[in-house]
Amino acid sequence: MDDLWGQACATLETSVGPNNFNHWIKPLRLTGLDSGIAHFASPTRFISDWVNRHFAKDIMGVLSRHGQPVERLRFDVVPQAAPGRARPAAAPARPARPAGSAAAPATARVARPDLGAPLDPRYTFGNFVVGKPNELAHAAARRVAEGGPVGFNPLFLYGGVGLGKTHLMHAIAHDYQTRHPLAQVLYLSAEQFMYRFVQALRESTIMDFKGMFRNVNMLMVDDVQFIAGKDSTQEEFFHTFNALVDQGKQIVISADRAPAEIKGLEERIKSRLSCGLIVDLHPTTYELRLGILQSKTEGFRAQQPDLQIGAGVLEFLAHRITTNVRVLEGALQRLFAHASLLRREITLEVAQECLADILRTNDRKISIDDIQRRVAEHYNIRLADMIGPKRARNVARPRQIAMYLSKQLTSRSLPEIGRRFGGRDHTTIMHGIRKIEELVIEDHALAEDVNMLRRLLEA
Ligand SMILES: Nc1ncnc2c1ncn2[C@@H]1O[C@H](COP(=O)(O)OP(=O)(O)OP(=O)(O)O)[C@@H](O)[C@H]1O
């Protein structure tokens, strides 16, 4: 049976693709064939249901081609069923485990987790351009990807939209998986975590769910701010988190802000998330944007060697598109598509014409200087008071409003905002923002002021 399934698996890996194969089919074991029914042992009901719904035809087709016509598949749930194919004879290096922890998956033959999201093959360390704003996050990610004794747990990456959090997480997963091919790496968004959890509750498979999450070597949860305010999901996340940390397994988390700033997240989770290393991906600098544009252009050139880019075009884009890397990438892609369709060199004029809408949006970008100036004008205080030390309420309150609007209307991080407000500490900025968040609920007049200022700035 094992031989037959081994041969069938070799064909299935090609027909369904390695990702699907590894996630869904590899954990199965063929246990018998009778009267046109193929019997499988599956580690969870979730896997059997999924395979039955999505891959039954492929499996039946392959078994028929191997001389075993099958009309139906049946599954018995056998927790931690051994994978159907032999493991490589010499197991590659594994991450170090603390004494007393569970046995390594190579011997325990834990099924692969089947709850995660697929990894984007383009998001590797090789494709990640490093500059001042992301060098610390990159170094920490590299360190975690090496595996070995866990240095900081969790690694918490945060930053504004499109600054490379997901890219770095996928890069960690790829690199770690290459170094430790048998290790279980589970990457998913916090939203998927919640979805799987709710599904497990609904289908009474919560023990399977817990088992799957607790058997991984590395858990990566993207956009964790999503679980804020979702009490039972937070509870489950907390237990999963603790169980893995207790076993010395690495956890990598990303969010759009620091743990302490995530509203609606339980204090105990915030404190757990703050236990490891928290690193901030800062907004991009001109140099980093230019580096990214150059690197992406090289990539395009490899596919389209006759691509012509005029002098100064990349510099122009790096200068004008400052929102986030995703927008920068989109602009470049549009330019290349334009150039290859029209077979024209990308000159500065072509770039301006083709990207007029993106450039206009970026022109409306609001700076902390604008905010400080507008707020100072509105409250009739001196601009210097925005950064000065005065604590009198008639100065301190407008300053806090400016801090609040800076957080809302720009992609600057708290430490950066702090620097622009006279070198104040990020906790002072956070305090100021919280104060205004509270006041806009209680104080109608102040809420009106803040809204009006926002509209003026966005106009
Ligand atoms: N330093 C970088 N080098 C190369 N590409 C980058 C870099 N930073 C971001 N990118 C690219 O920008 C795009 C957006 O990045 P990513 O999805 O990782 O951002 P994010 O921080 O997770 O955003 P979100 O907050 O929306 O989830 C991706 O295509 C990514 O490859």
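The figures that follow rest on heavy atoms only: side chains count, while hydrogens, waters and symmetry mates do not. Numbering of ligands and ligand atoms starts at 1, following listing order.
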Item to check | Pair Phe193 and Phe213, ring centroids less than 6.0 Å apart | outcome: yes

Item to check | Within the 6.0 Å centroid threshold, strictly below: Phe125 and His174 | outcome: no

Would you check whether [X] has a nitrogen or oxygen atom less than 3.5 angstrom from a nitrogen or oxygen atom of ligand 1?
X      : value
Ile292 : no
Leu163 : yes
Val129 : yes
Val161 : no

Checklist entry - Between Phe197 and Phe209, what is the ring plane arrangement, given parallel below 30°, perpendicular above 60°, and tilted in between? => result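 Plane angle between 30° and 60°, so tilted.
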
Item to check | Mutual orientation of the aromatic rings belonging to His319 and Tyr286 [parallel < 30°, tilted 30-60°, perpendicular > 60°] | outcome: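 The rings of His319 and Tyr286 stand perpendicular, inter-plane angle above 60°.
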
Tell me the protein heavy atom at minimum distance from [atom], and give that distance in Å.
atom                    : answer
atom 23 (O) of ligand 1 : Gly162 N, 2.8 Å
atom 11 (C) of ligand 1 : Glu329 OE2, 3.3 Å
atom 19 (O) of ligand 1 : Gly164 N, 3.2 Å
atom 22 (O) of ligand 1 : Thr166 OG1, 2.6 Å
atom 10 (N) of ligand 1 : Val325 CG1, 3.3 Å
atom 28 (C) of ligand 1 : Tyr123 OH, 3.5 Å
atom 30 (C) of ligand 1 : His167 ND1, 3.4 Å

Atoms in ligand 1 with a heavy atom of [X] nearer than 4.0 Å:
X      : value
Asn134 : 1 (N)
Asn127 : 3 (N), 4 (C)
Lys296 : 4 (C), 5 (N), 31 (O)

Looking only at the side chains, is there a donor atom on one of [X] and [Y] sitting less than 3.5 Å from an acceptor on the other?
X      : Y      : result
Arg122 : Asn127 : no
Ser367 : Asp370 : yes
Asn153 : Gln250 : yes
Arg397 : Gln400 : yes

Next on the checklist: Heavy atom to atom 26 (O) of ligand 1, shortest distance: which of Arg122, Lys165, Arg326 holds it?
Outcome noted: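 Shortest heavy-atom distance from atom 26 (O) of ligand 1: Arg326.
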
Next on the checklist: Whether Arg420 and Asp369 form a salt bridge (side-chain N of Lys/Arg under 4.0 Å from carboxylate O of Asp/Glu) is what I want to check.
Outcome noted: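 Salt bridge present between Asp369 and Arg420.
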
Next on the checklist: With the threshold set at under 4.0 angstrom, would you say Gly159 reaches ligand 1 through any of its heavy atoms?
Outcome noted: no

Checklist entry - Between Ser189 and Asp223, does a side-chain hydrogen bond (donor to acceptor under 3.5 Å, both in side chains) hold up when you go through it step by step? => result CA-CA 6 Å; Ser189 68; Asp223 289 325; over 6 Å; no

